[in-house]
Novice: 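Below you will find the structure I want to go over with you.
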Amino acid sequence: MSTASVSWSSSATTVATVSSSGLVTSVGNGSATITATSGPVQGSADVTVEAASIESLALNLMQYVPSWDELKVFTDAAARLPYPAYQKRALSGSESIQPTDGNYTREALEVWDGIWSTYGPNISPAFSSVVPPFVLPGGGDLTYPLPPTVLDEKLRSITTMYLREKSLGRPTTLINFWPPNWDPPPFSSESAFHQWIDTQFLPNKIEEAKAAERMKIEYYVAWPLEFELFIKDQGGLGDGGFLDAMTDAEILTLATDLKNKIRDEIKKHFHGKLVAHIYTNYYWVPATWEAQLTFEGYDEIWAAFFPQGSVEVTAGYMDAQIAAYTEIVKNSGNIPWAANEITIFEKSFPDTDLNAIERELLETVFTKLENASPAPVGIGPAVYELRTQAAKDYVTQYFSSR
C-alpha cells in the first residue's frame, strides 16, 4: 500500500478549484487543467465548465471570491422579489456558524437552509458577517469602516451568497454589521467626526448601496448598528467624546442631519426599501433626543426589542418600548414599522431560570406587538439564541398562522 502524499492544483482557479482530497468544484465558465502530483509522478486532466451555478460559487467562496465581471451574468438577471405583506424573519447569528473545517460559507448556507425549513420565515436569514474576507491582506483583524479593497471583496462575497438566497425565492436584507467587539475610541471633536463620515463612513455605505442595487436586494440598512447607539458610540456620549459638551437639542440636530445625509446619498444608488434600524431602552433610561428622532424619507423603521428580567418586567418593558417606537413612527409620517429583532439574551435574566419562561416571554412579546397601534408589519425573533424546544415550536406555530 502506497503512503505517498498527493498534491492537487488547478491551472485556472477562476474556472475550477480542487481540494486537498482531489474534489473539483466549478467556479466560472471556461477550461482548466487539474494536476495531481505525488513525488516524481504527475498526472493531469482537462475540465470544462460551461455554466457555473450561483450555488457552486457560494459553496466555493472560501477558496475563491468571484470578480464583478464573473458575477455579471447573475447580477444582470437579478430582480427584486415580491415584498411580503407580513415579514416573518428568523434571525441567524455568527455563533451558530462555527464549521470544524473552516468552510464558513458552506456552513452558513446549511444553517440558513435549516432555519428556512424549520421555522417557515418568508425572508432569508442571510447574515453578512460570515463571508470572507475575515482578516486584512497579510493578516490582522479587520478595521472599520473597511478599507476599499477589503470592502469590495466582502461585497462580492455577500453578493454571491445573497444571490444564491434569491435564486431560492428568498427576499434578502443587507445589514453590514460591525462586530460587537469593535470598540474604537470616540471622536473628541465634531469636526473630526464629520470628516470621518465624509471620507470613510459614507464612501463605504455608497459602495454597499451600489452592490445592494446590483443584486436587487429587497431591504437595506445603511448603518452598522442601531442608529442611536451608532451616534452615542462614535460621539462618545458619557465616554469623553465631543457629544458630552452638547445639549440634547444639539445632539438631535446632529443626528437628524446625519440620518438625512445618509438617506439622500444612499437613495441615489439604491432603489429597494431603505430601512432605519433603531434601539433605545426606553424602559430603563428616560428618553431624551432619541425619542424625538424622525425618519421621513425612509421606507420602513425596524425596532429592536430585548426582553428583560422576568415575564412581568418584560411586559412593562414592551409597553414602554412600543409607546416610544409608535410615537416615532407617527412623527415620521406613519411609515411602516417592524419588530425586526427580538433577542432573549441570557445576560438579561441573571436571577431567573430562563428555560422555564422562554416560551412565555415570546408569547408576551408577540401579544404586545399584535396589540400595538399602529401594528408592526413584521416580526423577527433571533432563533439562534433560543434554548428550549417549546420556544422554537412557538415561533414555528406563530409563523404558520400568519
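When reading the values below, keep in mind they use all heavy atoms of this one structure, side chains included, and skip hydrogens, waters and symmetry mates.
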Novice: Would a distance-only check, ignoring hydrogens and angles, find a side-chain to backbone donor-acceptor pair under 3.5 Å from Ser128 to Ile175?
Specialist: yes
Novice: Return each pair, listed once, that meets salt bridge (Lys or Arg N to Asp or Glu O under 4.0 Å) where at least one residue sits in residues 248-260; pairs must be two or more places apart or across chains.
Specialist: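 Non-adjacent pairs meeting salt bridge (Lys or Arg N to Asp or Glu O under 4.0 Å): zero.
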Novice: Nearest 0.5 Å, what's the CG-CG distance between Leu254 and Leu243?
Specialist: 6.5 Å
Novice: With sequence neighbours left out, what residues match Glu107 under side-chain contact (heavy atoms from CB on, under 4.5 Å)?
Specialist: Ile97, Pro99, Glu110, Val111
Novice: Could you state the interatomic distance from OG (Ser188) to CZ (Phe242), rounded to the nearest 0.5 Å?
Specialist: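 Reported value, rounded in 0.5 Å steps: 9.5 Å.
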Novice: To the nearest 0.5 Å, what is the distance between OG1 (Thr149) and NZ (Lys154)?
Specialist: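 Nearest 0.5 Å value for the OG1-NZ distance: 12.5 Å.
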Novice: Does the Tyr325 side chain pair with the main chain of Ala304, one donor and one acceptor, at a distance under 3.5 Å?
Specialist: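 Flag set: sc Tyr325 to bb Ala304 pair under 3.5 Å.
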Novice: Just checking, any donor-acceptor pair under 3.5 angstrom between side chains of Thr105 and Asn103?
Specialist: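 The criterion, which ignores hydrogens and geometry beyond distance, is satisfied for Asn103 and Thr105.
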Novice: Counting only N and O atoms by type, is there a donor-acceptor contact under 3.5 Å from the side chain of Ser348 to the main-chain atoms of Ile344?
Specialist: no
Novice: Report the C-alpha distance between His277 and Phe177 in whole Å, list the side-chain angles of each, state the deciding distance to 0.1 Å, and finish with yes or no for side-chain contact (heavy atoms from CB on, under 4.5 Å).
Specialist: CA-CA 11 Å; His277 185 37; Phe177 276 132; 4.3 Å; yes
Novice: Hey, what do you get for CD1 (Ile379) to CG (Leu369), rounding to the nearest 0.5 Å?
Specialist: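 Rounded to the nearest 0.5 Å, the CD1-CG separation comes out at 5.0 Å.
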Novice: Taking 4.0 angstrom as the limit, do Arg263 and Asp299 come out as a salt bridge?
Specialist: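 Judged by the 4.0 Å cut-off on N to carboxylate O distance, Arg263 and Asp299 do not form a salt bridge.
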Novice: I'd like to know if Lys210 and Asp152 make a salt bridge, using a cut-off of under 4.0 Å between side-chain N and carboxylate O.
Specialist: no
Novice: Can the ring centroids of Phe399 and Tyr119 be said to lie less than 6.0 angstrom from one another?
Specialist: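 No; Tyr119 has its ring centre 6.0 Å or more from that of Phe399.
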Novice: Does anything in residues 268-283 pair up under salt bridge (Lys or Arg N to Asp or Glu O under 4.0 Å), and if so which pairs, sequence neighbours excluded?
Specialist: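 Sorted result for residues 268-283: Glu265-Lys268, Lys273-Glu300.
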Novice: Give a yes or no on whether a salt bridge exists between Glu385 and Arg387, defined as a side-chain N under 4.0 angstrom from a carboxylate O.
Specialist: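 Salt bridge: yes.
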Novice: Could you tell me if Glu218 and Thr172 have a donor-acceptor pair between their side chains, going purely by distance under 3.5 Å?
Specialist: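 There is such a pair (donor and acceptor under 3.5 Å, judged by atom type) between the side chains of Thr172 and Glu218.
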Novice: In terms of ring plane angle, is the pair Trp178 and Tyr144 parallel, tilted or perpendicular, where the classes change at 30° and 60°?
Specialist: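 Plane angle between 30° and 60°, so tilted.
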Novice: Do the ring planes of Tyr83 and Tyr219 sit parallel (below 30°), tilted (30 to 60°) or perpendicular (above 60°)?
Specialist: perpendicular
Novice: Any salt bridge (Lys or Arg N to Asp or Glu O under 4.0 Å) involving residues 74-102? Give me the pairs, sequence neighbours left out, ordered by first then second residue.
Specialist: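 Those involving residues 74-102 are Lys72-Asp76, Arg80-Glu213, Asp101-Arg106.
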Novice: Please tell me whether Phe227 and Tyr279 form a close aromatic pair, meaning their ring centres lie under 6.0 Å apart.
Specialist: no
Novice: Look at the side chain of Asn60 and the backbone N and O of Ser56, then say whether any donor-acceptor pair between them is shorter than 3.5 Å.
Specialist: no
Novice: Would you check if the distance from the ring center of Tyr317 to the ring center of Phe306 is below 6.0 Å?
Specialist: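 Centroid separation for Tyr317 and Phe306: 6.0 Å or greater.
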Novice: Taking the side chain as everything from C-beta on, heavy atoms only, tell me whether Ile123 gets closer than 4.5 Å to Pro84.
Specialist: yes
Novice: Take Phe230 and Trp223 through the ring pair (Phe, Tyr, Trp, His ring centres under 6.0 Å) test and state the conclusion after the steps.
Specialist: CA-CA 8 Å; Phe230 176 67; Trp223 38 75; 7.8 Å; no
Novice: Around atom CD of Glu346, are there more than 12 heavy atoms of other residues, nucleotides or ligands at under 6.0 Å?
Specialist: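 At most 12 heavy atoms, drawn from other residues, nucleotides or ligands, come within 6.0 Å of this atom.
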Novice: Are the side chain of Thr160 and the backbone N or O of Ala58 linked by a donor-acceptor pair below 3.5 Å?
Specialist: no
Novice: Is a donor on one side and an acceptor on the other found under 3.5 Å between the side chain of Asp239 and the backbone of Pro186?
Specialist: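 Side chain of Asp239 to backbone of Pro186: no pair is present.
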Novice: For Glu360 and Tyr394, test the side chains for any donor-to-acceptor distance below 3.5 angstrom and give the result as yes or no.
Specialist: no
Novice: How many angstroms lie between atom CD of Glu228 and atom CG of Leu225, to the nearest 0.5 angstrom?
Specialist: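 If we round to the nearest 0.5 Å, Glu228:CD and Leu225:CG are 9.5 Å apart.
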Novice: If you round to the nearest 0.5 Å, how far is CD1 of Ile206 from CG of Leu151?
Specialist: 11.5 Å
Novice: Testing the 3.5 Å rule here: is there a donor-acceptor pair between the side chains of Glu208 and Tyr220?
Specialist: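 There is such a pair between these side chains.
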Novice: Are any of the side-chain heavy atoms of Leu361 and Phe349 separated by less than 4.5 Å?
Specialist: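 Leu361 reaches Phe349 side chain to side chain.
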Novice: Does a side-chain heavy-atom distance below 4.5 Å link Thr352 with Ile357?
Specialist: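 A side-chain contact under 4.5 Å exists here.
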Novice: Quiz question: by atom type and distance under 3.5 Å, do the side chains of Asp141 and Trp182 form a donor-acceptor pair?
Specialist: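 There is no such pair between these side chains.
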Novice: Determine yes or no for a side-chain-to-main-chain donor-acceptor pair under 3.5 angstrom, with Glu290 supplying the side chain and Thr288 the backbone.
Specialist: yes
Novice: Taking the side chain from Gln234 and the backbone from Phe193, do they hold a donor-acceptor pair closer than 3.5 Å?
Specialist: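 Pair absent, no side-chain N/O of Gln234 close to backbone of Phe193.
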Novice: Trp302 and side-chain contact (heavy atoms from CB on, under 4.5 Å): which partner among Ile278, Val221, Val377?
Specialist: Val221
Novice: Is there a donor-acceptor pair closer than 3.5 Å between any side-chain N or O of Ser117 and the backbone N or O of Gly114?
Specialist: yes
Novice: Do Gln308 and Phe345 make a side-chain contact, defined as non-hydrogen atoms from C-beta onward lying under 4.5 Å apart?
Specialist: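 No - every pair of side-chain heavy atoms lies 4.5 Å or more apart.
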Novice: Tell me if a side-chain donor or acceptor on Ser96 pairs with a main-chain N or O of Ser92 at a distance below 3.5 Å.
Specialist: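 No.
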Novice: Give me the ring orientation class for Trp112 and Tyr162: parallel if the planes are under 30° apart, tilted from 30 to 60°, perpendicular past 60°.
Specialist: perpendicular
Novice: What residues form a side-chain contact (heavy atoms from CB on, under 4.5 Å) with Ser129, not counting sequence neighbours?
Specialist: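 Expected list: Ser94, Phe127.
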Novice: Output every pair passing salt bridge (Lys or Arg N to Asp or Glu O under 4.0 Å) with a member in residues 54-67, not counting sequence neighbours, ordered by first then second residue.
Specialist: Glu55-Arg164
